[in-house]
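Here the structure is a predicted model, which means the values were calculated and not measured. Here is the naming used below: chain letters follow the sequence lines, and residue numbers restart at 1 for every chain.
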Protein chains: 2
Amino acid sequence: MSTTNSLAVEDLGSAAQRDRRKRILDATITLASQGGFDAVQMRAVAEQADVALGTLYRYFPSKIHLLVSALQREFERTETALRDRPIEGDTTAERVINVLKRTTRGMQSDPQLTEALTRAFMFADNSVQAEIHQVGMLLTSMLTRVMHPEGHAELTEEDVAIARVIGDVWLSALVGWVTGRSTAAETGQQIEVAVRLLLRD
Amino acid sequence: MSTTNSLAVEDLGSAAQRDRRKRILDATITLASQGGFDAVQMRAVAEQADVALGTLYRYFPSKIHLLVSALQREFERTETALRDRPIEGDTTAERVINVLKRTTRGMQSDPQLTEALTRAFMFADNSVQAEIHQVGMLLTSMLTRVMHPEGHAELTEEDVAIARVIGDVWLSALVGWVTGRSTAAETGQQIEVAVRLLLRD
DNA sequence: TCTAAAATAGGAACACGTTCCACTTCGTCC
DNA sequence: GGACGAAGTGGAACGTGTTCCTATTTTAGA
């Protein structure tokens, strides 16, 4: 499992196409930031990206695909940014908590965007499998790297299992926050408790 | 936190109204079982329940409310059925795993219904808070009761936290299965691993 | 450079969740 | 029994995701 993000599947066509794709995703993020999931209307995205509706659907076969792809791009950005920063914390649990809380704070600073992307992620069906899987891998690799910053490739099965459980809790907590069921503080608390339960070293 | 389900808020009007409500939920379950989330179309539900569209919306203000209410009824049924059966397993972990696997198997025997209800649950926003909260409480109380079958009311904060984490994992696993990201076997495995990580007694 | 194929524009049309309205039926109180 | 408000009926209408069609533009290859 390489940590580079160059996948042969990914290189999509010409510069003009890459540009259109970027414009579309930019428009998506902009609209999502302003009004959340409901504000990301396909006609509005097309107009703002200066693209025809049919073209939008050629690039992204559904609103869910569009939003999950946007999530993927944002997440890659976050993950890259995180990789360059030193990871604070003495114990594994501390490091994981720090990273998750920082990431969560980042998302909470743009609630509408987070709502849009999280809703899309949770609503995605198997036709979005590929994109979803990418995001899942990214999250797991981010967590395992934080757990073992030395990168000795000494990942046990248990490590991966723990990372997965933490990812699940994080997602649930996020959904709870996005849907207004819990506050930001509760969300952080929920994650912290789970991590301490799982990582008692 | 009582385990009875009699809430003063719940008693809704006349027998005719209870009957209509039941017919609507029955129709919802039937349609969901046949074709999943997409097949639960409001016009179809209204027709099958022999109720006007406006009446359907009077009882349930949105498709999500409708499906989450159906989930709640089904879950209550499951929880009641579970309460009468002895809980097999020597250790806490064994008992929790048994119960969760049995419940999961039950849901997997009707994939379309499970898909419909899970999708709705994940997509619900804060306007469905009340119903969602009910379901969450039901799940937590079910789990803590399995963890402490004697009912000595000796629940620690940690117990509740663990139950919550397990609930999160279960939900994530369910979503993974519903959206075709993981198989039934993987779902069971995922839950089992998480429970063993959390309950090492 | 010319041409065929692919991509895009522009927009009509359809499906389903949701709202709304005019009318009818039901239940309750005098 | 009559009156009045609540509840229900039937269906039109609207918004947004999605599909589809034709004309035009861009791209790639001979």
**Fill in**
Of C/dG17, D/dG17, C/dG10, the nucleotide closest to the side chain of A/Ala52 is C/dG10
**Asked** What is the distance, rounded to the nearest whole Å, between atom CD of A/Gln41 and atom P of C/dG17?
**Response** 17 Å
**Prompt:** Could you give the CG-to-P distance, from B/Leu56 to D/dA7, as a whole number of Å?
**Reply:** 16 Å
**Asked** Taking for each residue the nucleotide of DNA chain C with the nearest heavy atom, is it A/Arg20 or A/Gly54 whose nucleotide lies nearer the 5' end?
**Response** A/Arg20
**Shortest side-chain distance from A/Leu53, nucleotide among D/dT19, C/dA9, D/dG11** = D/dT19
**Fill in**
For A/Leu143 and A/Gly167 the tightest heavy-atom approach is CD1-N, 4.0 Å
**Request:** Rounded to the nearest angstrom, tell me the gap between atom CD in A/Glu47 and atom P in C/dA9.
**Result:** 13 Å
**Prompt:** If you draw the axis of the six-membered ring of A/Phe121, does the NZ or CZ of B/Arg181 fall within 45° of it and under 6.0 Å from the ring centre?
**Reply:** yes
**Asked** Counting only distance, no hydrogens or angles, is the base of D/dG17 paired donor-acceptor with the side chain of A/Arg43 under 3.5 Å?
**Response** yes
**Prompt:** Within the structure, does a side-chain N or O atom of B/Thr55 lie under 4.0 Å from either OP1 or OP2 of D/dT9?
**Reply:** yes
**Request:** Give B/Val45 one of three labels, base, sugar-phosphate or nothing, depending on what nucleic acid heavy atoms sit under 4.0 Å from its own.
**Result:** nothing
**Request:** Tell me what A/Tyr59 touches on the nucleic acid: a base, only sugar-phosphate, or nothing, going by heavy atoms under 4.0 Å.
**Result:** sugar-phosphate
**Message:** Between C1' on D/dG11 and CE on B/Met42, what's the gap in Å once rounded to a whole number?
**Reply:** 16 Å
**Prompt:** Cation over ring, A/Arg73 on A/Phe60, under 6.0 Å and within 45°?
**Reply:** no
**Request:** Measure the distance from CG on A/Asp38 to C1' on D/dG17 and round it to the nearest whole Å.
**Result:** 12 Å
**Asked** Angle class for the B/Phe123/A/Phe37 ring planes (parallel below 30°, perpendicular above 60°, tilted otherwise)?
**Response** perpendicular
**Prompt:** Tell me: CG of B/Leu66 to P of C/dG17, nearest whole Å?
**Reply:** 10 Å
**Request:** Please report the closest heavy-atom contact between A/Ile64 and A/Ala120, naming both atoms and the distance.
**Result:** CG2-O, 3.8 Å
**Request:** Take atom CZ of A/Phe37 and atom P of D/dG15, then tell me their distance rounded to the nearest Å.
**Result:** 19 Å
**Interatomic distance where CD1 belongs to B/Ile64 and P belongs to C/dT18 [whole Å]** = 8 Å
**Request:** Just compare C/dA9, C/dT19, C/dA7 and give me whichever is closest to any side-chain atom of A/Val51.
**Result:** C/dA9
